[in-house]
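Structure, as structure tokens:
From a predicted model like this one, the values you see are computed outputs, not experimental measurements.
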Amino acid sequence: MPDSDREADDDLPLPPSEGMGLFFGEAPVEASGPAGAGQTDAVAIQSPEAPEKPSQEEAAKPAAAYRVLARKYRPATLDQLIGQDALVRTLRNAFAVGRVAHAFMLTGVRGVGKTTTARIIARGLNCIGPDGKGGPTADPCGVCPNCVAILADRHPDVLEMDAASRTGVDDVREIIEACHFRPIQGRMKVFIIDEVHMLSRNAFNALLKTLEEPPPQVTFIFATTELRKVPITVLSRCQRFDLRRVSQSELLSFFTGIVEKEHVSAEQEALKLIARAADGSVRDGLSLLDQAIAQGAGTLGASDGSVTEAGVAAMLGLSDRAAIFDLFDCLMRGDVTEAIRLSDSMYDRGNDPGLMLRDLAELTHTVTRLKTVRGLEDTLELPEMERTRGAAFASSLSLSTLSRLWQMLLKGISEVDDAPLRREAAEMVLIRLCHAATMPPPEELLKKLRSGKAAQVAAPINRVADDGRDAPHAMMPPDDGSRRQRVANERWGDVGEGSSEPIPLARAAAPSGPRPPRSWRELVAFVKDSREATLHGHLCHSTHLVTFAPPLVEVRVDNPAPPDLVKRLQEMLRANFGNEWVVRAAEAQGEPTLAEQSAEIIQLHNRRSSNHPLVQAILGVFPDAELGDVRDHTLDDHYGLPPEDFEALDAGPLAIGLDPELDAPEEQD
């Protein structure tokens, strides 16, 4: 048979495995000639240890190509799709009422059935039934010429294009030109574009017009895993279907049926590991199952008998689940010695330190879900160990502890991935987790600090001596009658000496709030530091100080300022310095505003500088020159005013401006 014919036949459905020796086993020997009975008897008594040597013609025949499970059990109808109930129901109703869209957008993670669904839709649009008289249907027959050709990937009217390798405008132009011709063999011309998000921007733009108003005999089906990369103008022209991840329970049922059809024995826990590792992808799960069957030689006649949980765990590079639970228990108890021993044991069995920490993070997430989601421990999606031991952890650990453990594990995983010594980095992470587990929770510390018992709060320290004994006992010197004690000044002294009394640690003073303003200028500066820009501007340019006698402030506000300025200033002072502060509006003239005072000082400096002999001499030589702004670096940086003498203010009366006679000059006799 020519190679081209053999390659075409490989795409067709394979014949059943029994009969004629096409797959495994030998064909039955037929009797020929007059001595047929004798030949049959000879074959019957032939010993299995001495099989008949195959002829040269049989040896020359090529072995049948193995078909992987992902292709062998690819769904051919909508009923065979698992986990996509909404998609199946919508397509069935659309075919039933004749409302099949001209463009579909199928999105989802890898291996959930996007391309498979596209081919089923293409067969449903072109199926003519066994009698050749059928119309579009949601249940293609699979035996008509169109169905057979589409299954074999050789139908001239169903064209599949990989947008990852054909991304340009020229490739889209070929599709547009092909749309103008009627179908050659089928009823509809179907274009299936996989990974459509890989098309260039110009290619998308070239496709828009044809996609919006295609010919009646053309249907577009797009598939993508990155929907956000597809322009919204394309999405608005398509009927969108989001294919969800397949749940672990559905994958487990599907894999169980496959191993029965393949006459393979596999442990249920092994299939659960494969379903979990598949992460919702049917194709990934079937590839892992295929690998597990090949690894364990899991046919019933094999010597080892089945695909075991241990074999699948070793194949996936997973740590032993029981060991992970034991390690998690040691971390929560703060047992450093046992945690390091378990880590060494898993490392010796070939487990990667990074995968060990990732398994701990996954277990932490599972325990957190068991604690927060009601009834989760009763679902069949979780393995037995997660439902029993995980539920016990969830009942004994608090959410704050689990959250802290999660954050430390995430940081530890990144450290191990970047560390040159992965094993050592993982052990340091485990030691850190044990130490954090023995610390009191933050809410307990805060409660004791508020109740004044901070001196009684002490976190136990978990030390391990070289000989395995508890560190405080292993490092304690023998008691020879002169016991020594460490005191607060970092010295060692004998207990009982008259001058070696332990010096108590001074309690840290509680942080104080902002200091109350000592002057009107400090008050305005405080408003500026509080980022109240609008209020600060009105205080500088529109507010005249009448009285400043803390906690009493009287001001006069000009008309441009808002009417609630006094109220806002009082609320701000009370919020920061206490409710005793009072701000009142007054009718008295008061002092000039801070902006007016600053402008007056600038004018004074300009007059003094312009009258200086040196400046006048320079202006005489350069008559066109002008005197610029005069800057005095001794002035206040905020408002350009002289610095305030707070010592004089503290020595004198606190009230400023209450009595007009205080500000008046003394009368001379």
Side-chain angles (χ1 to χ4, degrees), residues 70 73-130 134-144 146-147 150-151 158 160 186-188 190-196 211 214 216 218-228 230 232 234-258 275 278-286 379-381:
Y73 293 97
R74 191 168 198 163
T77 61
L78 292 176
D79 292 334
Q80 296 177 1
L81 284 174
I82 60 174
Q84 311 299 339
D85 298 336
L87 167 71
V88 172
R89 181 171 59 254
T90 304
L91 290 179
R92 282 192 174 281
N93 294 339
F95 275 101
V97 299
R99 303 180 67 90
V100 181
H102 66 272
F104 297 91
M105 178 67 69
L106 306 178
T107 178
V109 298
R110 78 265 177 236
V112 292
K114 298 183 295 297
T115 307
T116 299
T117 303
R119 293 178 180 176
I120 294 175
I121 295 175
R123 290 170 53 214
L125 291 172
N126 288 284
C127 180
I128 59 176
T137 175
D139 297 307
C141 64
V143 296
C144 67
N146 288 335
C147 289
I150 295 174
L151 280 174
V158 178
E160 292 192 27
R187 183 185 300 109
M188 299 289 293
V190 182
F191 295 96
I192 302 175
I193 303 180
D194 202 4
E195 302 298 335
V196 69
L211 184 60
V218 173
T219 300
F220 289 95
I221 306 177
F222 303 130
T224 178
T225 56
E226 298 286 345
L227 187 66
R228 58 184 177 84
V230 180
I232 189 63
V234 175
L235 293 178
S236 63
R237 291 165 166 81
C238 302
Q239 192 172 97
R240 170 179 164 182
F241 290 98
D242 293 292
L243 280 72
R244 68 179 185 88
R245 295 179 185 268
V246 184
S247 63
Q248 293 186 18
S249 58
E250 292 174 322
L251 286 176
L252 181 60
S253 302
F254 183 58
F255 296 158
T256 302
I258 287 180
D279 194 22
S281 172
V282 183
R283 183 175 62 235
D284 290 3
L286 289 175
T379 60
L380 297 179
E381 292 187 5

Return the minimal non-hydrogen interatomic distance between Leu286 and Ala70, and the atom names on each side.
-> CD1-CA, 3.7 Å
Point-to-point distance, once rounded to the nearest 0.5 Å, from CG of Asn146 to SG of Cys141 = 8.5 Å
What distance separates Cys147 SG from Ile128 CD1, expressed to the nearest 0.5 Å?
-> 8.0 Å
Derivation of the side chain to side chain contact (heavy atoms under 4.5 Å, CB included) call for Val282 and Tyr73 | CA-CA 10 Å; Val282 183; Tyr73 293 97; over 6 Å; no
Applying side chain to side chain donor-acceptor pair (under 3.5 Å) to Arg187 and not counting sequence neighbours gives none
For residues 91-109, which residue pairs qualify under salt bridge (charged side-chain N to carboxylate O under 4.0 Å, His left out), counting only residues two or more places apart or in two chains?
-> Asp79-Arg92, Arg92-Asp139
Mind checking the OG1-CG spacing from Thr117 to Leu81? Nearest 0.5 Å is all I need.
-> 4.5 Å
Mind checking what makes side chain to side chain donor-acceptor pair (under 3.5 Å) contact with Thr116, not counting sequence neighbours?
-> Arg74
Is Arg244 paired with Asp242 through a side-chain N to carboxylate O contact shorter than 4.0 Å?
-> no
Under 3.5 Å, is there a donor-acceptor pair between the side chain of Asn126 and the main chain of Gly186?
-> no
Do Val246 and Gln84 come close enough that some side-chain heavy atom pair is under 4.5 Å?
-> yes
Correct closest heavy-atom pair for Cys238 and Met105 would be CB-CB, 3.9 Å
Nearest heavy-atom pair of Pro75 and Ile120: which atoms, and what distance?
-> O-CD1, 4.1 Å
Could you pull out all residues at least two apart from Asn93 that satisfy side chain to side chain donor-acceptor pair (under 3.5 Å)?
-> none
Rounded to the nearest 0.5 angstrom, the CG-CZ distance for Leu125 and Phe95 is 4.5 Å
So salt bridge (charged side-chain N to carboxylate O under 4.0 Å, His left out) across residues 100-126, not counting sequence neighbours, yields Arg110-Asp284, Arg119-Asp153, Arg119-Glu160
Set of side chain to side chain donor-acceptor pair (under 3.5 Å) partners for Arg245, sequence neighbours left out = Asp279
Atom pair CD1 (Ile193) and OG1 (Thr115), whose distance is rounded to the nearest 0.5 Å | 12.0 Å
Please list, one pair per line, the donor and acceptor atoms closer than 3.5 Å that link side chains of residues 218-227 to other protein atoms, with sequence neighbours excluded.
from	atom 1	to	atom 2	distance (Å)
Thr224	OG1	His197	ND1	2.7
Thr224	OG1	Glu226	N	3.0
Thr224	OG1	Glu226	O	3.4

Minimum heavy-atom distance between Leu78 and Ala138, given as atom pair plus value = CD1-O, 3.7 Å
When rounded to the nearest 0.5 angstrom, what distance separates CD1 in Ile121 from CG in Leu106?
-> 5.5 Å
Can you name the residues that form a side chain to side chain contact (heavy atoms under 4.5 Å, CB included) with Ala101, not counting sequence neighbours?
-> Phe104, Gln239
